[in-house]
**Q** 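Have a look at this one before I ask anything.
All values below were derived from every heavy atom in this structure, side-chain atoms included, with hydrogens, water molecules and symmetry-related copies excluded. Reminder, nothing fancy here: chain letters follow the sequence lines and each chain counts from 1.
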Amino acid sequence: MAMDVRNWDEEAYRNSILQDRESQYRTVFRTAFAPSSLPHPNPDVIVAASSDGSVASYSISSFGIGYGNSRSERLLVAEPDCFVQAHEGPAYDVKFYEEGENSLLFSCGDDGHIRGWRWNDMRTAEVPIHSQGAHLKPVIDLVNPQHKGPWGALSPIPENNAIAIDKQGGSIYAAAGDSCAYCWDVETSKIKMVYKGHSDYLHSIIARNSRNQIITGSEDGTARIWDVRSGKCVRVISPEKYDKLKEISCVSTVALDASDSWLACGSGQSLFIWNLVAGEQISRISLHSSVHDVLFDGNQIIAVGAEPLVSRFDMDGMILSQIYCAPQSAFSVLLHSSGVLAVAGYGGLIDVISPFGSHLCLFHCKFVL
Amino acid sequence: MAQKEAFRENIDLEIVGSLKDAQAFARQLSNRDTGASTNHETSRMEDDVPEEEDDDQRRRKRPRKIPGKDSVDQAGIYQSHPLRVVLHIYEDVVSDPKPVKLVTLKFEFLLKLNVVCVGIEGSGEGTDSSVLCNLFPDDTGLELPRQSAKLSFGDSVVFDETRTLRPYKWAQHLSGLDFLPEVSPLLTEGETKSSENTTSVVISGLQLHRQQNRTQTVLQRVRSRVKAHLALVEQLDQLMKLKWPSLTSESVPWALHQPLCSLHSWSAVGPSSDVSMSLLGTNMVQGEDSSNVNLMDVRSDTSKEVAEFVREDGELPTLLPALTAASNHHNLPVKEGSDLDHSRGLALMSKTTGSPYKVVKTQSFRRLDEDSDLMLDSESDLDEPNKVEAEAEKAAADTDTTDGKSWVDYKAWEFSLVLTRKMGENVGDVKLEAKVKISIEYPLRPPILSVDLLFPSSGDSTFYENAGSAWFNELHAMEAEVNLHILKMLSSDEQNYILAHQVHCLAMLFDFYMNEVSEPFEKRKSTSVVDVGLCKPTSGTILARSFRGRDRRKMLSWKDMECAPGFPY
């Protein structure tokens, strides 16, 4: 791209600077590890949903990570192996539906669509990377319904902030911006159930498959448990706040542990741990910044938020460790079966951290436009 | 050794055509001398056949041979050739009856280094010549572009930065040095065989020169750069006087917005620390990729919490990463030096909670070695928050030789802008502080603003504390808006006034966010509609949302030319 007086193209130069900047201001909202056929694989491919609407896959094993042999790592600017321009507006969530040969990759975004892509097709696309984007058509395309207002006016299509998969029931649950959660049937592409009750838009949703329930977290400051079949709200979980006025009150993230009996809600700068069996709040953890994503790792809780730290807590709320991570504000933390963590957020950065805390690989997603 | 000298007088070539054009003429500055000299290098500036073109820019230079040496002073490497070319560049606007002179460039040829140097005529001690820096990317004029010079003088030559005339790469291309034979044909007269080859090489080179429109390109770049510079100076002037810089276009929303906040201060922070650019070898400094831009977003408000946390052994690396496949081993220390400079330079920009930081002003080249180590130690207390910044390295192993982007920062200016907004009677003002970094390539490389919010701490309105992470997403969104998105909305005429647009847009966003703060968010707006007309009464509420998305962006919706918070309104 070297330009000098001999081949000067001012427009191209200006555009290249702007493009460079664009990729600095992108945010990766969610990552997912691609399914692998090996029984105990090391993480190989990671898929990222980002604020430019793209769902892209990166092959981290090719970045030459050495497991624990060097303390240093370098910031790579990584080009994706393949990508699709999944949504107009940011893509908020990406989840794999089904392992194996016919796995589908579902993504949801700001445009209110949930799209399903055939993972194999995406991976093996013959199109060169710079022409990718619109080359693949989704096999499933679900659109949120619009509400009818006075005089037949249609509300704008609400966005989808998160999706949850229930493979057994063949359903996808979506947390939508119109304060409702939807259950979609994958086979028929129709809405099976609507869950109404929240008073503000939903941030997150998870499936509690063992009890046929889903749990949603919303901007209105509550988390609700719903019965899948009947659509009724079984319980409202309202995290207590110390100071009603000053705190940001929204439940931005919910997570369940492996036994489906413990629930972690991230709300503002606090994490609330509930025992669902007993039905009460067990502990509250205060953080220095808003929580964006949380998950359970055994009986430990890992949380990331609007600060460049990955924090680990135990169930009582005692802080176990904090590691620096690269994104200044992280929106997604993801645990691989091998214990590897992937943290993603601002600046298009994905940070892959080993179970021992060392940074395996850190890359900046280069967005191919 | 016999020496031959010959020179031809240069004739001032006139431009045909009624428009203002560059006029070239050269003066003879010294007489020839008959001293003995063994090193005799000449070059030829070849003729540029005048080309007729629509925009009527033309320029011509005659070929001339330049006498060899000056016997009086042979030791200096900066010995310049007696003949120089002075080029006046005029505005190319058709309608002016009289040509308005924009700038005058002076070209000279340095004998020993075999390079052509350019500078601005009549400039002071190098202050104005910096306008020509980075006219084309990666061309700060401090590196010797020609292989021969490097070979003959080894790697230890550092081009003196205090000289006003710099060997820019484009100057070499312009004068055709890239295809002219290194040694004057006069010297090689004995070898008749090669003379034909060289002539044909020269001719094909000339054709290339013409095809690539080198002259036009250079002229156009110089013109636009000078004009941009003038516009920038004008805007900076207005900001210095704490006046909102004037916007010529009214077709963008923020132009019509009356700022509710006030422009509190605008001050220069000093030139950003020059990244060391030694002239080691031909490879550019590797490593620092363009994440100097990326790191603008670095926030280091974790500095106070750092000490308390248990850190696992997986800490982010310190500022000296191990380089693996570095292609030049002796570039390694250079890289460290530049890392530190960068990190420190960026430490100025990342927000700190009041801890003092040194303003690093370096104009001269930094030598690698001990300096780097010293600086590493002294900066250790600022290390932790800046550790994240150290990540901005391209993997040397995975990419091929990439240019270090350190040249981007060369001669960039930094300013600090503060906007304030009154929040009420008893409460102090809220301040928005922005560090503005303007590069020499303005406006092709638009200025970068990194913002920070300071709220008056309770009880005492003279103390300010950082907003903390509650406002993190908003600040990031503001930066993305101002540094990137609005640039797409500007037309090409407005390019020179990008800074003014950015300042206005920032003020507008600040106003909106502060408006939200002053109205508590519990008062969520909802409109209820009851229809009592002919049809049966319907009632419904349209909930207007202020936030959207997982990152809880505050929504600003554009309604024609006005911006309304929330959607729909």
**Q** Can you tell me how far the CG atom of B:Leu475 sits from the CD atom of A:Gln328, to the nearest 0.5 Å?
**A**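 Rounded to the nearest 0.5 Å, the CG-CD separation comes out at 12.5 Å.
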**Q** Quick one: list whatever passes side-chain hydrogen bond (donor to acceptor under 3.5 Å, both in side chains) with A:Ser204, sequence neighbours left out.
**A**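 Per chain and number, A:Ser204 pairs via side-chain hydrogen bond (donor to acceptor under 3.5 Å, both in side chains) with no residue.
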**Q** What's the spacing between B:Asn483 CG and A:Glu22 CD if we round to 0.5 Å?
**A**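 One finds 12.0 Å between CG of B:Asn483 and CD of A:Glu22.
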**Q** Between B:Leu484 and A:Leu18, which heavy-atom pair has the shortest distance, and what is it?
**A**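 Between these two residues, the closest heavy atoms are CD1-O, 3.7 Å.
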**Q** Enter the distance from A:Arg21:CZ to B:Arg445:CZ here, rounded to the nearest 0.5 Å.
**A**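 So the CZ of A:Arg21 and the CZ of B:Arg445 are separated by 7.5 Å.
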**Q** My understanding is that only residues two or more places apart in sequence, or in another chain, count here; which of them pass side-chain hydrogen bond (donor to acceptor under 3.5 Å, both in side chains) with A:Ser311?
**A**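 Scan of A:Ser311 (side-chain hydrogen bond (donor to acceptor under 3.5 Å, both in side chains), adjacent residues dropped) gives A:Gln322.
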**Q** Is it the case that over 12 heavy atoms from other parts of the model lie below 6.0 angstrom from the CD atom of A:Gln146?
**A**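 Enclosed: over 12 neighbouring heavy atoms sit under 6.0 Å from CD of A:Gln146.
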